[in-house]
There are 2 protein chains.
Amino acid sequence: MKKISSRTIARALLYLRTLETLIRDGKDTVSSRELARITGLTDVQIRKDISNFGKVGTPGVGYNVAELKKVLEDIVLAKKVIRMALFGAGHLGTAILKYPAFGKQKLRIVAAFDRDKRKIGRTINGVKVYPVEKAPEIIRKNRVDIGIIAVPPESGQKVADLMVLSGLKAIVNFAPVSLNVPGAVSVRDIDLSIEFLSVYCDTQK
Amino acid sequence: MKKISSRTIARALLYLRTLETLIRDGKDTVSSRELARITGLTDVQIRKDISNFGKVGTPGVGYNVAELKKVLEDIVLAKKVIRMALFGAGHLGTAILKYPAFGKQKLRIVAAFDRDKRKIGRTINGVKVYPVEKAPEIIRKNRVDIGIIAVPPESGQKVADLMVLSGLKAIVNFAPVSLNVPGAVSVRDIDLSIEFLSVYCDTQK
DNA sequence: AATAAATCGTGAAATTTGTAACGATTGCAT
DNA sequence: ATGCAATCGTTACAAATTTCACGATTTATT
Ligand SMILES: NC(=O)c1ccc[n+]([C@@H]2O[C@H](COP(=O)([O-])OP(=O)(O)OC[C@H]3O[C@@H](n4cnc5c(N)ncnc54)[C@H](O)[C@@H]3O)[C@@H](O)[C@H]2O)c1
Ligand SMILES: NC(=O)c1ccc[n+]([C@@H]2O[C@H](COP(=O)([O-])OP(=O)(O)OC[C@H]3O[C@@H](n4cnc5c(N)ncnc54)[C@H](O)[C@@H]3O)[C@@H](O)[C@H]2O)c1
């Protein structure tokens with residue numbers, strides 16, 4: 001089977017999100033043209049992306065919404081629940097912990113870690129905050145899939161090291177610092193300052 | 001002058017962030033090789049990116065950190081301060097309002113808007129929360145550059161319409177919904193669920 | 001049954017993005 | 001002064017991604 005590019009996968013997840021709202025609206029079928037209109041992409045791109053996952057559409061009709069959803073879900077269907085662990089129960093970390101939509105999806109935060117004694121032991125939205133030292137044990141026991149870094153940048157590398165030590169293979173990093181991790185570990189950096197500056201630049205040149 | 005690709009700009013902002021830490025560490029010069037080591041990119045890519053902004057390096061030596069910073073800052077230097085307005089002072093919005101690092105950069109949140117009476121009138125980290133109806137007036141008066149959407153997805157389009165009406169040309173959207181805006185408006189979607197699923201998929205295939 | 005309209009899937013072309021190679025320049029050691 | 005190691009900037013090349021063009025399939029219509 002050919003490898004599917006990460007950009008196609010990111011778009012497929014967007015299609016999935018779109019399909020869920022279409023299902024809520026009671027739609028049965030949708031064409032690449034309409035998906036394009038909604039998402040702002042082109043119809044060709046959507047057809048090409050979807051063709052990566054097999055022949056699921058019907059010429060003259062479009063895609064069956066439920067069927068397409070099922071096909072696209074196979075991308076992430078290996079696991080029924082994807083478990084995440086959050087490091088840093090500060091402002092951003094708390095917002096993430098309190099996000100109710102994760103529970104409605106496959107994503108679940110199973111543990112939080114902090115080094116601040118005032119935060120350790122608390123339970124935020126059903127998730128307990130542990131001391132960072134317990135991370136390796138708890139991450140292993142809970143078979144955590146993704147680590148989230150929401151600590152200050154100066155602690156970022158230390159936390160990343162701990163994540164690698166704990167066996168995590170996927171990291172989402174909100175700290176504005178470049179992490180050094182083994183090649184087998186995927187890191188997704190989300191630096192909000194860069195995102196803001198970036199979209200501002202888009203409007204300038 | 002040739003147009004610089006948005007990906008180059010995004011990386012340039014990352015270089016800028018890196019240079020700032022190098023300056024704090026008292027470094028005077030840095031080579032493309034070392035920038036590559038820190039950022040995880042390749043040295044060629046870095047040299048090529050930087051060459052877009054002129055000949056700023058010295059063969060055999062590398063780049064003068066302060067000089068390179070100045071050159072890269074020209075990308076976003078038109079404005080000394082980039083003003084932002086936040087819509088939705090909920091969990092995520094409050095975390096963003098409380099982020100102190102924005103103040104230390106060119107980014108500044110000048111106003112927040114909500115429709116919840118319990119939030120309107122409050123001041124969070126020095127930023128006042130106004131009723132959404134006041135947005136056009138306040139955005140115009142404060143010459144806001146970027147609008148941030150941190151409202152629930154079902155309100156996303158309504159808020160986006162209001163932003164467009166208020167003259168905003170750049171939007172960062174945290175709501176998991178596709179927005180429909182005129183072509184002249186730049187939108188950066190940050191759907192955390194998609195980001196999490198995406199990095200997880202990276203580790204699978 | 002034939003025709004028209006809508007739409008998918010896909011190979012080829014075009015574009016964009018990243019990589020490699022290498023001459024040119026600088027500083028340092030001898 | 002000369003040679004050497006380090007490093008930039010640029011041109012040519014390669015890979016990835018997107019767009020185009022169009023044949024094939026389905027449904028509706030007359
Ligand atoms: N708040 C935002 O909107 C925002 C925006 C952009 C970027 N960020 C980045 O996200 C990260 C978190 O931001 P925040 O505003 O939540 O900061 P915060 O200070 O509110 O929270 C950080 C938390 O991390 C904990 N911590 C510190 N060192 C730790 C360690 N070694 N191990 C475990 N826990 C540790 C602290 O005790 C604290 O609870 C920072 O890197 C920040 O730069 C935040
Ligand atoms: N909290 C997170 O970590 C997180 C993660 C991923 C995505 N998101 C997304 O970010 C957005 C905000 O999330 P949140 O957790 O802060 O939600 P929240 O419910 O805590 O806050 C939403 C805020 O928006 C306000 N609001 C609602 N409709 C409005 C309108 N029409 N105009 C102005 N204000 C309005 C509400 O009064 C509330 O204060 C949501 O779209 C959510 O899906 C949040």
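Every chain is numbered from 1, with letters handed out A, B, ... down the list of sequences.
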Next item on the list: Report yes if at least one side-chain N or O of A/Lys55 is closer than 4.0 Å to OP1 or OP2 of C/dT10; otherwise report no.
Entry: yes
Checklist line | From OG (A/Ser32) to CG (A/Asp49), nearest 0.5 Å | finding: 11.0 Å
Next item on the list: Please determine which of A/Ile109, A/Ile82, A/Val110 meets the side chain to side chain contact (heavy atoms under 4.5 Å, CB included) test together with A/Val144.
Entry: A/Val110
Check: Any side-chain N or O of A/Ser32 less than 4.0 Å from the OP1 or OP2 oxygen of C/dC8?
Finding: yes
Notebook entry, point to check: Once you round it to whole Å, what is the distance between P of C/dA6 and CZ of A/Arg37?
Noted result: 16 Å
Notebook entry, point to check: Within this structure, what is the CG-to-C1' distance between A/Asn64 and C/dC8, rounded to whole angstrom?
Noted result: 14 Å
Next item on the list: Have a look at B/Val44 and say if it touches a base, only the backbone sugar-phosphate, or nothing, with a 4.0 Å heavy-atom cut-off.
Entry: base
Check: Of A/Gly60 and B/Ser6, whose closest DNA chain C nucleotide lies nearer the 5' terminus?
Finding: A/Gly60
Notebook entry, point to check: Of all the nucleotides listed (D/dT19, D/dT10, D/dC8), which has the minimum atom distance to the side chain of A/Thr42?
Noted result: D/dT19
Item checked: B/Leu41 CG to C/dT17 C1', straight-line distance once rounded to whole Å -> 13 Å
Margin query: Is a donor from one side chain sitting under 3.5 angstrom from an acceptor on the other, for A/Arg17 and B/Ser178?
Written below: yes
Next item on the list: Would you check, one step at a time, whether the test side-chain contact (heavy atoms from CB on, under 4.5 Å) holds for A/Phe102 with A/Asn125?
Entry: CA-CA 12 Å; A/Phe102 287 145; A/Asn125 199 24; over 6 Å; no
Next item on the list: Take the protein atom CD of B/Gln45 and the nucleotide atom P of D/dT10, then report the distance between them rounded to whole Å.
Entry: 16 Å
Item checked: Residue B/Arg7, side-chain heavy atoms: nucleotide from C/dT17, D/dG9, C/dG9 that is nearest -> C/dT17
Item checked: Single hit among B/Leu107, B/Leu13, B/Leu16 for side chain to side chain contact (heavy atoms under 4.5 Å, CB included) with A/Ser193 -> B/Leu107
Item checked: Rounded distance (Å) that lies between atom P of D/dT7 and atom CD1 of B/Ile50 -> 14 Å
Item checked: Distance in angstrom units between B/Ile9 CD1 and C/dT17 C1', rounded -> 15 Å
Checklist line | Nucleotide nearest A/Arg47 (side chain, heavy atoms from C-beta), chosen from D/dG9, C/dC8, D/dT18 | finding: C/dC8
Note to self: Counting only side-chain nitrogens and oxygens, does B/Thr58 get under 4.0 Å of the OP1 or OP2 atom of C/dT26?
What the structure shows: no
Item checked: First of B/Gly57 and A/Arg11 reached from the 5' end of DNA chain D, by closest nucleotide -> B/Gly57
Note to self: On the side chain of A/Lys48, is there an atom forming a donor-acceptor pair with the base of D/dT17 - under 3.5 Å, no angle test?
What the structure shows: no
Note to self: Whether A/Tyr63 contacts D/dT26 is assessed here as follows: a side-chain N or O lying under 4.0 Å from the phosphate OP1 or OP2. Is that the case?
What the structure shows: no
Next item on the list: Check every strand shown and say whether A/Thr8 touches a base, only sugar-phosphate, or nothing at a heavy-atom separation below 4.0 Å.
Entry: nothing
Next item on the list: Would you kindly give the CZ-to-P distance between B/Phe53 and D/dC8, to the nearest whole Å?
Entry: 16 Å
Check: Could you walk me through whether A/Ile38 and A/Leu22 pass the side-chain contact (heavy atoms from CB on, under 4.5 Å) check?
Finding: CA-CA 10 Å; A/Ile38 297 171; A/Leu22 289 174; 4.1 Å; yes
Margin query: Measuring from the side chain of B/Pro59 (C-beta onward, heavy atoms only), which nucleotide among C/dT10, C/dA21, C/dA24 has the closest atom?
Written below: C/dA24
Margin query: Whole angstroms only, please: what is the CG-C1' distance between A/Asp43 and D/dA21?
Written below: 13 Å
